[in-house]
Participant: 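Dumping the structure here so I can ask a few things about it.
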Number of protein chains: 2
Amino acid sequence: MQQTGTPNHFKAAVTVDNVIFGFDGKSLKVLLIYRGAEPFKDRWALPGDFVPLDENLNQSAIHVLRSLTGLDNIYMEQVHAFGDVNRHPFGRVFTIAYYALIKVEDYQVQASSWAEEAAWFPINEIPELPFDHMEILEFAKQQLRNKIRTQPIGFELLPKHFTLTQIQELYEAVLEREFDTRNFRKKLLSMNLISETGYRQTDVSHRPAMLYKYDTKRYNRFLERGFSFDI
Amino acid sequence: MQQTGTPNHFKAAVTVDNVIFGFDGKSLKVLLIYRGAEPFKDRWALPGDFVPLDENLNQSAIHVLRSLTGLDNIYMEQVHAFGDVNRHPFGRVFTIAYYALIKVEDYQVQASSWAEEAAWFPINEIPELPFDHMEILEFAKQQLRNKIRTQPIGFELLPKHFTLTQIQELYEAVLEREFDTRNFRKKLLSMNLISETGYRQTDVSHRPAMLYKYDTKRYNRFLERGFSFDI
DNA sequence: AAGCATATTGTAATATTTACAGCAAATCAC
DNA sequence: GTGATTTGCTGTAAATATTACAATATGCTT
């Protein structure tokens, strides 16, 4: 109980694993990679990597995300640390799980070593995952649900301009329940977090919907006053 | 990005640090220990220890709590993992923070090596803490606040029999705001989670209050039906 | 021009939250 | 034992938020 630390203690490894969420307008998706090395070679798994000894934990999570997607400035949150003795076949490996929210439109399958090794899976069609990745995914889903109900993070998953129907479908996909359209819009608009862009949908074979954008300034103003977003 | 793990990766240490909350009827308190070894010898700090290579992470947190308080079956939750490169002077040490809620009445300063080495500090009178323990404490406080508003965990901090005034003061101490007595009681009682014991306070120099107890059965019944506790 | 598909909007009933104050019951001091 | 003191205990009305519910609007297709 002294936290002195004997040489014997410095024998663990730490990884980060990322649950990368995307939304394609229909269902919530997760980005998985096809493992090219042991253990669990040729299996779909959460993207992750060892944390180098000279890199901060959070930075490591950002690094994994960037090397996979090329994206920067992405919304990320730590989910949980997992550290059962036998969770990794090669030794004592702790992992810290993060989730990230990305706009699918911004994500290009990189013309790189990753080109054919990453794919989006609908949240309800996830293959069997190695390690404790299934458990990690469950934790991440639950945390996303809790968060999206009280903080306006849904916008991180949507294009810059979006319709009210799109955001409703996002909330329905994440929370796995339906909302009444009139009530949902009433509440969302009353929060004054989004505003009309003045543009409308094009290339749809029906009445085009108004496009909205998320208004960061207003959100920050509300945050300062102590504001509760709840949907 | 392969999670293969070279020998070079297995050079980190992992600790757990516990934020142990108690409530004495007046203010929220945290149990700190007086460090007897380097680094930061003779400083107050959060109780913690290295995670042995053959012990599960969660088990390790429970272990730290038991060896300090002698208590078992305690409410604990993981808070966050901290892993900045230089957070520990002796090497790369990750820490996983937990918080625990204990009934102060059950905690006896152990007639052990810990006897004079642990003390309760009011949440607003915490001395300067070593490592990143201040940050850890802030995370734990915030998580406790979030949790206590939506799950009936407040009871973990109260004696088996308590008055409505006590539970209100607990909520006021944790959430750092005041509640209207009538409204607070109305809402709490309407949840049907507590019931009268039939006993009253004794040894008070004023009208004695009715003693209540937490009704676990009812809570479990509600949980199954999908129940939302919100105060 | 008619049909199709999705977008958009309001109202009434109900439930929840908030604001607010006076009497009750036990001990204490004299 | 009487009055003072301290904390316990309780209800109602107004305001606000939530829920349930369906008809019209608009652009495109044929």
Side-chain angles (χ1 to χ4, degrees), chain A residues 24-27 148-150 152 158-159 161-173 175-213 222 225-231, chain B residues 23-27 148-150 152 158-159 161-173 175 177-213 222 225-231:
Chain A
D24 64 357
K26 209 66 194 167
S27 74
I148 208 175
R149 287 198 323 112
T150 53
L158 292 170
H161 290 184
F162 52 86
T163 68
L164 296 182
T165 300
Q166 282 172 340
I167 192 168
Q168 182 175 346
E169 279 168 349
L170 166 61
Y171 272 83
E172 291 180 340
L175 297 175
E176 290 181 344
R177 72 192 186 90
E178 297 190 345
F179 292 94
D180 174 87
T181 305
R182 277 168 293 193
N183 294 340
F184 183 87
R185 289 173 179 222
K186 209 185 311 175
K187 183 148 188 185
L188 188 64
L189 291 172
S190 76
M191 289 171 181
N192 285 318
L193 291 175
I194 66 178
S195 51
E196 295 188 358
T197 60
Y199 301 103
R200 297 172 165 278
Q201 273 181 319
T202 54
D203 300 323
V204 290
S205 69
H206 53 79
R207 174 176 176 178
M210 176 67 72
L211 289 167
Y212 288 80
K213 65 182 176 190
F222 275 122
R225 293 189 209 160
F227 171 66
S228 153
F229 176 95
D230 209 329
I231 207 154
Chain B
F23 180 68
D24 65 357
K26 209 66 194 168
S27 75
I148 207 175
R149 287 198 324 112
T150 53
L158 292 170
H161 290 185
F162 52 86
T163 68
L164 295 182
T165 300
Q166 282 172 338
I167 192 168
Q168 181 174 348
E169 280 169 349
L170 167 60
Y171 273 83
E172 290 180 339
L175 297 176
R177 73 192 186 88
E178 298 191 344
F179 292 93
D180 174 85
T181 304
R182 278 168 295 191
N183 294 340
F184 183 87
R185 289 173 179 222
K186 208 185 312 174
K187 182 148 189 184
L188 188 64
L189 291 172
S190 76
M191 290 172 181
N192 285 318
L193 291 175
I194 66 178
S195 51
E196 296 188 355
T197 60
Y199 301 104
R200 297 173 163 278
Q201 275 181 318
T202 53
D203 300 321
V204 289
S205 70
H206 53 79
R207 174 176 176 178
M210 176 67 70
L211 290 167
Y212 287 80
K213 64 182 175 190
F222 275 123
R225 292 188 211 161
F227 170 67
S228 152
F229 176 95
D230 209 330
I231 208 154

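Bear in mind that the values here come from a model prediction, so they are computed numbers and not experimental data. Residue numbers begin at 1 in each chain, while the letters A, B, ... track the order of the sequences.
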Participant: Between Q166(B) (CD) and dG8(D) (C1'), how many Å, whole number?
Facilitator: 13 Å

Participant: Would you check if I167(B) and F184(B) make a side-chain contact, meaning some heavy-atom pair closer than 4.5 Å?
Facilitator: yes

Participant: Of all the heavy-atom pairs spanning A173(B) and K26(B), show the shortest one and how long it is.
Facilitator: CB-O, 4.3 Å

Participant: Taking atom P of dT8(C) as reference, at what distance in whole Å does atom CG of N183(A) sit?
Facilitator: 16 Å

Participant: Please give, in whole Å, the distance from dG11(D) C1' to F184(B) CZ?
Facilitator: 19 Å

Participant: Can you work out whether Y212(B) or S205(B) has the more 5'-proximal nearest nucleotide on DNA chain D?
Facilitator: S205(B)

Participant: Using a distance-only criterion (donor-acceptor N/O pair, under 3.5 Å, no hydrogens), is the base of dA7(C) paired with the side chain of R207(A)?
Facilitator: yes

Participant: Just the rounded figure in Å: distance from C1' of dT18(C) to CZ of R177(B).
Facilitator: 12 Å

Participant: Got a donor-acceptor contact below 3.5 angstrom from the E172(B) side chain to the E178(B) backbone?
Facilitator: no

Participant: Please report, rounded to the nearest Å, how far the P atom of dG27(D) is from the CE atom of M210(A).
Facilitator: 10 Å

Participant: By nearest heavy atom, map D180(A) and A209(A) onto DNA chain C; which one lands nearer the 5' end?
Facilitator: A209(A)

Participant: Students often get this wrong, so: under 4.0 angstrom with heavy atoms, is T163(A) touching a base, only sugar-phosphate, or nothing?
Facilitator: nothing

Participant: Please step through side-chain hydrogen bond (donor to acceptor under 3.5 Å, both in side chains) for the pair S190(A) and R185(A), ending with a clear verdict.
Facilitator: CA-CA 8 Å; S190(A) 76; R185(A) 289 173 179 222; over 6 Å; no

Participant: Starting at the 5' end of DNA chain C and moving along, which residue's nearest nucleotide shows up first, T181(B) or D230(B)?
Facilitator: D230(B)

Participant: Provide, to the nearest angstrom, the distance between the CD atom belonging to Q201(B) and the C1' atom belonging to dT27(C).
Facilitator: 13 Å

Participant: Once you apply a heavy-atom cut-off of 4.0 Å, does R185(A) come out as touching a base, just sugar-phosphate, or nothing?
Facilitator: base

Participant: Is there a donor and acceptor pair closer than 3.5 Å between the side chain of R182(A) and the base of dA20(D)?
Facilitator: no

Participant: Nearest whole Å is fine: how far is dA24(C) P from R200(B) CZ?
Facilitator: 15 Å

Participant: Does any donor-acceptor pair link the side chain of K186(A) with the base of dT11(C) at a separation under 3.5 Å?
Facilitator: yes

Participant: For T165(A) and dA7(C), is the shortest distance between a side-chain N/O and OP1 or OP2 below 4.0 Å?
Facilitator: yes

Participant: Would a 4.5 Å heavy-atom cut-off, applied to side chains only, mark Q168(B) and T181(B) as touching?
Facilitator: yes

Participant: Can you check the K187(B) NZ to dA17(D) P distance for me, whole Å?
Facilitator: 14 Å

